[in-house]
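Just so it is clear, the values below take in all heavy atoms, side chains as well, and ignore hydrogens, waters and symmetry mates. The chains referred to below are lettered A, B, ... by the order of the sequence lines, with proteins before strands, and numbering in each begins at 1. For clarity, every value in this text was computed on a predicted model and none was experimentally measured.
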There are 2 protein chains.
Amino acid sequence: MMQREYVQDLSKLVGQEITLRGWLYGKRSSGKIQFLILRDGTGHCQCVVMKNAVDAATYAACDELSQESAFAVTGKVQATDKAPGGYELFVSSIELGAKAAEYPITPKEHGVEYLMEHRHLWLRSSRPWATMRIRDTLIVAIRNFFHERDFLCFDSPILTPNAAEGTSTLFETKYFEEGMAYLSQSGQLYGEAGAMAFGKVYVFGPTFRAERSKTKRHLNEFWMVEPEVAFMDLEGGMQLAEEFVHYIVGRVLEERQSELAILDDGSGRLVERCQRVMKPFERMHYDEAAKILYKYWDDKLASGEELPPTFKRFEYGDDFGAYDEVALTSLYDAPVIVHHYPASVKAFYMKRDPNEPDKALAMDVLFPEFGEIIGGSQREDNLDELLKRIEEHQLPKAAFEWYLDLRRYGSVPHAGFGLGLERLVMWVCDLDHIREAIPFPRTLTRIWP
Amino acid sequence: MMQREYVQDLSKLVGQEITLRGWLYGKRSSGKIQFLILRDGTGHCQCVVMKNAVDAATYAACDELSQESAFAVTGKVQATDKAPGGYELFVSSIELGAKAAEYPITPKEHGVEYLMEHRHLWLRSSRPWATMRIRDTLIVAIRNFFHERDFLCFDSPILTPNAAEGTSTLFETKYFEEGMAYLSQSGQLYGEAGAMAFGKVYVFGPTFRAERSKTKRHLNEFWMVEPEVAFMDLEGGMQLAEEFVHYIVGRVLEERQSELAILDDGSGRLVERCQRVMKPFERMHYDEAAKILYKYWDDKLASGEELPPTFKRFEYGDDFGAYDEVALTSLYDAPVIVHHYPASVKAFYMKRDPNEPDKALAMDVLFPEFGEIIGGSQREDNLDELLKRIEEHQLPKAAFEWYLDLRRYGSVPHAGFGLGLERLVMWVCDLDHIREAIPFPRTLTRIWP
């Protein structure tokens, strides 16, 4: 049907007469020339309409085109330095499609709430467009990374039977005669069952948290990828996480430099930031990180620098706060992996280090100017230890019977981690708010469109 | 950590001394030889332990191994005709891991309900294992197909604001002060917004139907892939669907013949069935299909063949029933595409054919011995027509305001389709029940584990 080419393929079509189909992104005229910017979803193309090169009807058609009106345009592809992207179309004819009524999003400034209310249209604008293309690259890279390493894609259920850790942050729904079901917050426990059956798996799907939070890092629905590997320990998990981050950020650098340029206005800042991620990551024990933080905040306070009112000073034994994570990574030119966190601040399923029983075999990957991107651990593989943890955390044992079975029948050392897709998109694209990292965000006050 | 190789790589390791880590799948002994079958998630390997080739402790270790106990085994890889897979390990030493208590799944027959209750363990058995590996191949193939054709992965929201078509088949959950939210039944409408912004997109995620159905084809939670393309018509959609099915079934044939052999006991039946899918699909107008069906059932009734009690004879204007779909495809050696269904049996958003206003520009891909695998259509792109449909279907217009915007601002012809992943897995693997096509199925009576 409807023979056409795409803007992204223009470099291969130089000198050919082709047809593009899309929408008017913008236009300007200069005497006897009209410049139409067509967007077709794969890119933007400047279409040059010269009055003396087309018939009167075609030239008049330009005037009919309002922002976001649909049209097809036929012409010859030319390489040029003058058009963004490096190619333009020298137009021979135009076919008008449906005209757009007064388009709600104009080049003038709109508030974010207004834009989010029109998210279904806002996605056509260049910044959301660039962001979603980078998101796509990250998704494809995540899946390729695991597939190339023989991980099996293992879809964990969204509807889960237990609210083991309390219902306060869970969305719940009635499930026929089976009682309530809860929307999954993580596929990890199921992923562990998968690792015992398939060796190496990754869960990658939407997850849900019903937290009444309004921070810029918070979505109530977001995508998470969670690899899980049998016969892997904490060290293996840290190696895998570093290799993984290198791979996926590397793909963005390979494929999406022009989208990054849209997002940083061509300053090159985002490319540079991604390049720094490609270096080996600094690794440190929690105790070492704690020492660094004590000194860091001592120096800050001594310098008389005013700290934000929400600042709370780190004390040994605490989990890190956002300020601590940003402080730590500010000292290096690349992400930092911190391992051996105090067991008391970590989840019940994390294994303790036999040599440091108050520490969990846990690790976080912290990103510069941001904080945690990945959290992971070696899992407790001893049945009795795990039972003790469940008791200590006052969790209902019955809810974990199937999970305990994984320790009863051929338990092996295993480890894994989780990465929140939107947090990474937010970092790579340097977004103000995580709601811009997903096509249709769900936040405390937004479930539309 | 823990240097090891995987069973799936044995062919590249012949003659080398390696270590495998995994679980005991089965064993037998014959005088002074023990045969241990190790599974490591990537395959099964026969490990040969000869009494005169190992020390006494190693030989004694074999007796300690119960079904699903963890162990590591070191030895030399040998090619052989005698072991399934074509390779075996000639053992030099064994390291015991955690012993499995009495494993609940033994080679004896268990009922499906019992096995589903132990789904977290049952996944280790060969049939579920083979099924999930084929599922993985299909998922990877689906994503590669679209990525290679420059489709953008576009994640539609799971939590949606409206129960436009009534709440009876929707799972609902309270959404803060915003009222109720409903779990998505389809990402298509959002996908259409995506197509207008990115040209070609695919939505691929979990979907939910709260139907109180107990059929073998019904899951309450399942994964669906839904491509949507701007400037594509019904003909383009049918071409895309055929190319798509060829591609993904082709990948199973390339990569998973040994898994198919596990599922059909080596008869070759499943490979043959998949090969028939690779032929061009028969295409027919609904009217032609109706004629064929009239004759088919006339002949059946005339032959005196007894029809099932649930059989209801097709009448012109009806949608096809399961019997009709199976009957139609039984006449060909490959899938059949039926198009131009009566508009009255199809969804409100489907465009009518201007030349046959009582017919929708809809199409279904029907599979032999099964029925519908894909359903799709060209979408109504005219604002007034769409408004008329919404009124006719007595749908609340307010809920569709954002969707209507897609027709207000640069509306273009567009089309797409949906494929239910588990239905395809069920067909490829010839499963008795669709619950075996997903790691942790959710049905009317099952939300555990």
A/Thr137, part contacting chain B, at a heavy-atom distance under 4.5 Å: neither
Part of B/Leu123 within contact of chain A (heavy atom distance under 4.5 Å): both
Heavy-atom proximity to chain B below 4.5 Å, by part of A/Asn144: side chain
For B/Arg135 against A/Asp155, the heavy-atom pair lying closest together: NH2-OD2, 2.6 Å
A/Thr42 side, atom OG1; B/Asp150 side, atom CG - distance, nearest 0.5 Å: 7.5 Å
Counterpart residues, side chain to side chain donor-acceptor pair (under 3.5 Å), relative to B/Glu117 (two or more places apart): B/Arg446
Ring geometry between B/Phe154 and A/Phe440 (parallel below 30°, tilted from 30 to 60°, perpendicular above 60°): perpendicular
Side chain / backbone / both / neither for B/Asp381 at chain A, heavy atoms under 4.5 Å: neither
Contact winner vs chain B - A/Asp40, A/Ile438, A/Ile158, heavy-atom pairs under 4.5 Å: A/Ile158
Ring-ring centroid check A/Tyr409 B/Trp122, cutoff 6.0 Å: no
B/Arg408 portion near chain A, given a 4.5 angstrom heavy-atom threshold: backbone
Part of A/Tyr182 within contact of chain B (heavy atom distance under 4.5 Å): neither
Structural part of A/Ala72 lying under 4.5 Å from a heavy atom of chain B: neither
Heavy-atom proximity to chain A below 4.5 Å, by part of B/Leu183: side chain
Salt-bridge criterion met for B/Arg212 and A/Glu177 (N-O under 4.0 Å): yes
Ring geometry between B/Tyr175 and A/Phe171 (parallel below 30°, tilted from 30 to 60°, perpendicular above 60°): parallel
Side chain / backbone / both / neither for A/Tyr403 at chain B, heavy atoms under 4.5 Å: neither
Atom group of B/Leu121 that falls short of 4.5 Å from chain A, counting heavy atoms: side chain
Chain A contact via B/Thr443 - which portion, at a heavy-atom distance below 4.5 Å: backbone
Heavy-atom contact with chain A under 4.5 Å, split by part of B/Ser156: backbone
Which portion of B/Arg39 sits near chain A, non-hydrogen atoms under 4.5 angstrom: side chain
B/Asn382, part contacting chain A, at a heavy-atom distance under 4.5 Å: neither
For residues 95-102 of chain B, please give each side-chain donor-acceptor pair under 3.5 Å, one per line with the distance, not counting sequence neighbours.
none

Contact origin within B/His147 toward chain A - heavy atom pairs under 4.5 Å: side chain
Side chain, backbone, both or neither of B/Trp402 within contact of chain A (heavy atoms, under 4.5 Å): both
Structural part of B/Pro206 lying under 4.5 Å from a heavy atom of chain A: side chain
Per-residue contact mode, B/Lys200 against chain A (heavy atom under 4.5 angstrom): side chain
